[in-house]
Amino acid sequence: MSGALDGKVAVVTGASRGIGLAAAAALRDRGAQVVITSRSEERAKEAAAQLGSGVAGFGAHATDETAARACVDHVVATYGSLDILVNNAGTNPAYGPVIDQDHGRFAKTMDVNLWAPILWTSLAVKAWMGEHGGAIVNTASIGGLSVAQDVGIYHVSKAALIHLTKQLALELAPEVRVNAIAPGVVRTRLAEALWQENEKQVSAATPLGRIGEPEDLAEAVAFLAGDGARWITGETLVVDGGQLLGSGPL
Ligand SMILES: NC(=O)c1ccc[n+]([C@@H]2O[C@H](COP(=O)([O-])OP(=O)(O)OC[C@H]3O[C@@H](n4cnc5c(N)ncnc54)[C@H](OP(=O)(O)O)[C@@H]3O)[C@@H](O)[C@H]2O)c1
């Protein structure tokens, strides 16, 4: 597999840990130069150093247009292109029934999970991909394909992201492909509430017998970003160990 992305330049938002960091490693291992972002420049640079050569860090809150533009401009100026964008940064501050949420938590969820992918896509397309082509992968969730108690607002944001993936795929073809992954429960900080206290039960309810690891998702991101997916756009690839099949935890 090494070398499949030789010469490509990728940005992965929200990648100081978890799925984003694993995806960055997978893209780098296939030959891409990767820039990872975090809300903190220090965390972004630390994480990049952890992965070693071919990975650089950039501090940019996903919804901060000035920082996002600075990142995209920096990437094109420094590496000469921007071929792959992984809109991975996500948040879930709104636990509990939908009717108990306030506008602040709703707006934060929608801003990070839905507006940021639009913002970064717009910047990447206008700076490079619109003219030269590219591939975009959005990190959605199986929550966007199902309903569950207590994470309703988050699930609504991810359902909208899945629809946004199709809309952007239509608008940006043929130059840019836009796809998404829909992870099940993965061992990361963001999802701790879903697995930390009850990993055995979640694993037992998962047809493939365990919760996900960030690396399980990284392979799917690399596939959708690469030439092997050259005739795929607007799709959402479920990567969940079978959790969505019926008896899963979500
Ligand atoms: N884990 C799961 O079970 C699961 C399931 C379905 C979907 N997902 C999705 O997977 C994506 C990655 O989450 P994860 O599970 O890997 O969580 P994670 O390990 O907690 O990582 C989240 C990453 O996003 C960054 N981040 C958070 N808010 C940000 C913002 N506003 N701007 C820029 N970066 C931001 C964090 O970095 P800093 O803290 O350094 O800023 C961190 O690197 C999210 O979109 C999430 O919704 C996760």
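Just follow the structure's listing: the first ligand is 1, and inside any ligand the first atom is 1. The shown structure was predicted, so the numbers you read here are calculated from the model rather than taken from an experiment.
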* Asked: Going by heavy atoms, is T37 under 4.0 Å from ligand 1?
  -> no
* Over 12 non-hydrogen atoms of neighbours within 6.0 angstrom of NE2 in H74 -> yes
* To do: Flag the pair V186 / P214 as yes when at least one side-chain heavy-atom distance between them is below 4.5 Å, and no otherwise.
  => yes
* To do: For atom CZ of R69, decide whether the heavy atoms of other residues, nucleotides or ligands shown that lie under 6.0 angstrom number more than 12.
  => no
* Name the closest protein heavy atom to atom 31 (N) of ligand 1, giving the residue it belongs to and the distance to 0.1 Å. => H61 CE1, 3.1 Å
* Can you find a non-hydrogen atom of V185 under 4.0 Å from ligand 1? -> yes
* Tell me which one of G143, A191, G184 gets a heavy atom nearest to atom 5 (C) of ligand 1. => G184
* If you measure only the distance, is there a donor-acceptor pair under 3.5 Å linking the side chains of N87 and T13? -> no
* Does D102 come within less than 4.0 Å of R105, counting only side-chain N to carboxylate O? -> yes
* Asked: Tell me: protein heavy atom nearest atom 3 (O) of ligand 1, and distance?
  -> V186 N, 2.8 Å
* **Which residue and heavy atom of the protein sit nearest atom 39 (O) of ligand 1, plus the separation** => R39 NH2, 2.7 Å
* To do: For atom 34 (N) of ligand 1, state which one of S141, P183, G14 supplies the nearest heavy atom.
  => G14
* Structure fact -> Residue, atom and distance of the protein heavy atom nearest atom 1 (N) of ligand 1 read T188 OG1, 2.9 Å
* Asked: Do any heavy atoms of W195 fall under 4.0 Å from ligand 1?
  -> no
* Give a yes/no verdict on whether any heavy atom in R187 is under 4.0 Å from an atom of ligand 1. => no
* **Distance-only donor-acceptor check, side chains Q167 and E171, under 3.5 Å** => yes
* Asked: Salt bridge between K126 and E131, side-chain N to carboxylate O under 4.0 Å?
  -> no
* Counting heavy atoms only, which of N88, I19, D64 comes nearest to atom 11 (C) of ligand 1? -> N88
* Structure fact -> min-distance protein heavy atom vs atom 22 (C) of ligand 1 -> R17 NH2, 4.2 Å
* Asked: Looking only at protein heavy atoms, which one is nearest to atom 47 (O) of ligand 1, and how far off is it?
  -> Y154 OH, 2.5 Å
* Decide whether the shortest distance between a heavy atom of A140 and an atom of ligand 1 is less than 4.0 Å. => yes
* Asked: Using 4.0 Å as the upper bound for N to carboxylate O, is an ion pair formed by E199 and R187?
  -> yes
* Quick one: does A44 get within less than 4.0 Å of ligand 1, heavy atoms only? -> no
* **Over 12 non-hydrogen atoms of neighbours within 6.0 angstrom of CD in Q149** => no
* Asked: Should A62 be counted as touching ligand 1, given the test is an N or O pair under 3.5 Å?
  -> yes
* Within 6.0 angstrom of F106 CZ, more than 12 heavy atoms from elsewhere -> no
* Quick one: nearest non-hydrogen protein atom to atom 10 (O) of ligand 1, plus distance? -> T139 CG2, 3.2 Å
